[in-house]
Amino acid sequence: MATRPFPPLLRLRSSLLPSTPLLALLSLSSLRCRTTKRRLASLHFLPSPPRTVRSLATVTAPPVVVAEDDKYGRKQVISVTPQLYGYILSNVREPPILRELREETATMPGSQMQGYSSLAIALVLPESGRLVACERDVKCLEIAKKYYERAGVSHKVDIKHGLAVESLRSLIQNGESCSFDFAFVDAEKRMYSEYFELLLQLVRIGGLIVIDNVLWHGKVADPQVNDSKTISLRNFNRKILEDKRISTSMVPIGDGMTICQKRADI
């Protein structure tokens, strides 16, 4: 995935390290960011570049394709070839501590699901900001804690060991609805709808919910792919499109991301 900046701070649930699914509610890690003065910061997420860049397209695939349907005006679409992906990664700013985390976790099983957004968030949070990270994998938590300490941000992070969905429910029960600025979801795909409904209660009006993997390696657009996760994502994408409680935009960053903004008239 290429680096992407996000202006608002929010409660982010996202897995810091590889593990099962991850979400800003993650199946692994859930993060919450709060700033008392609602200050904004630029967040940069850089997923680790794979040791060997692989592509669904062949090496000879053209970098630009044209939409076949004339109703789109034969729009040219850029394909992210291995060469272009390498160029993108070479033009990304990455703090040394994030690079160290990425390189260490790249050697672990499941590194294709590697993410380090919680540390990236903590690094740019103001001192008044707070991030609550919920993680179910003890091994991942150990590494996360180590890098929080090395980066000098442990005082900003409240770590909770457990399932993200339970943590979200607990936050709501504790009266924290409408107090989050931002949420990042990258967890168990079949639970996306449940995560979304809980987060919609937790984020403030105007707050953002960002959902990862909505294109699912292109499988959502392939009618011949009908496994349970792909079907769940298709249904979720349709639900989000029709949901009047949010403004939404699907962007082809990485494996696809949908950016939702909570509207006032819900």
Side-chain angles (χ1 to χ4, degrees), residues 1-8 10 12-31 42-57 61 63-65 77-95 98-99 101-103 105-106 108 110-121 124 182-189 192 195-196 199 208-222 225 229-230 232-234 236-237 240-241 248-261:
M1 249 192 239
T3 296
R4 58 244 190 212
F6 290 111
L10 113 154
L12 167 76
R13 67 173 330 195
S14 117
S15 155
L16 174 71
L17 306 165
S19 70
T20 41
L22 135 109
L23 108 152
L25 309 186
L26 300 199
S27 92
L28 335 144
S29 128
S30 153
L31 311 157
S42 177
L43 309 180
H44 298 280
F45 298 167
L46 174 66
S48 75
R51 294 181 181 178
T52 303
V53 177
R54 291 179 292 179
S55 172
L56 295 178
V64 175
V65 295
V77 181
I78 296 176
S79 298
V80 181
T81 61
Q83 181 181 20
L84 183 55
Y85 185 60
Y87 178 81
I88 292 170
L89 293 180
S90 69
N91 282 273
V92 166
R93 295 178 181 178
E94 182 180 29
L98 289 177
R99 186 193 70 246
L101 170 61
R102 172 173 56 76
E103 291 175 349
T105 54
M108 299 170 61
S111 61
Q112 71 274 11
M113 292 185 286
Q114 178 191 71
Y116 59 10
S117 40
S118 67
L119 181 57
I121 289 288
V124 299
F182 172 86
F184 180 68
V185 182
D186 183 9
E188 172 52 52
K189 311 310 172 191
Y192 265 20
Y195 294 140
F196 177 78
L199 283 174
L208 297 182
I209 301 174
V210 178
I211 302 116
D212 202 9
N213 302 116
V214 294
L215 297 182
W216 202 228
H217 311 293
K219 294 179 183 179
V220 291
D222 188 343
V225 178
K229 287 188 177 181
T230 302
S232 293
L233 279 167
R234 283 194 193 116
F236 176 75
N237 289 341
I240 292 299
L241 176 64
T248 180
S249 177
M250 181 183 287
V251 293
I253 295 175
D255 196 27
M257 300 180 69
T258 295
I259 302 172
C260 307
Q261 184 175 42

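Count residues from 1 along the sequence. Just so you know, these numbers come straight off a predicted model, no measurement behind them.
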Give, for atom [atom1] of [X] and atom [atom2] of [Y], the distance between the pair rounded to the nearest 0.5 Å.
{"X": "Y195", "Y": "E188", "atom1": "OH", "atom2": "CD", "answer": "6.5 Å"}
{"X": "N213", "Y": "K219", "atom1": "CG", "atom2": "NZ", "answer": "11.0 Å"}
{"X": "E94", "Y": "L101", "atom1": "CD", "atom2": "CG", "answer": "9.0 Å"}
{"X": "I259", "Y": "I253", "atom1": "CD1", "atom2": "CD1", "answer": "6.0 Å"}

Any D222 side-chain heavy atom under 4.5 Å of H217 side chain: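 When only atoms from C-beta onward are counted, H217 and D222 do not touch, as no gap falls below 4.5 Å.
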Sub-4.5 Å side-chain heavy-atom contact between I209 and F196: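 Yes. Closest side-chain heavy atoms under 4.5 Å.
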Heavy-atom pair of closest approach, residues I88 and V80: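 For I88 versus V80, the nearest heavy atoms are CD1-CG1, 4.4 Å.
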Closest approach of M257 to V214 (non-hydrogen atoms, all atoms of both residues):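 So the minimum-distance heavy-atom pair works out to N-CG2, 3.5 Å.
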T105 vs Y116, side-chain contact (heavy atoms from CB on, under 4.5 Å): CA-CA, chis, key distance, verdict: CA-CA 10 Å; T105 54; Y116 59 10; over 6 Å; no
Donor-acceptor contact below 3.5 Å, side chain Y192 vs main chain D212: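 Yes; at least one donor-acceptor contact below 3.5 Å.
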Crowding at CG, L241 (>12 non-hydrogen neighbours, <6.0 Å):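 Enclosed: over 12 neighbouring heavy atoms sit under 6.0 Å from CG of L241.
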Residues in side-chain hydrogen bond (donor to acceptor under 3.5 Å, both in side chains) contact with T230, at least two apart in sequence or another chain: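 W216, D227.
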Contacts of T248 that satisfy side chain to side chain contact (heavy atoms under 4.5 Å, CB included) - sequence neighbours left out: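 Residues passing side chain to side chain contact (heavy atoms under 4.5 Å, CB included) with T248: I240, I246, T258, C260.
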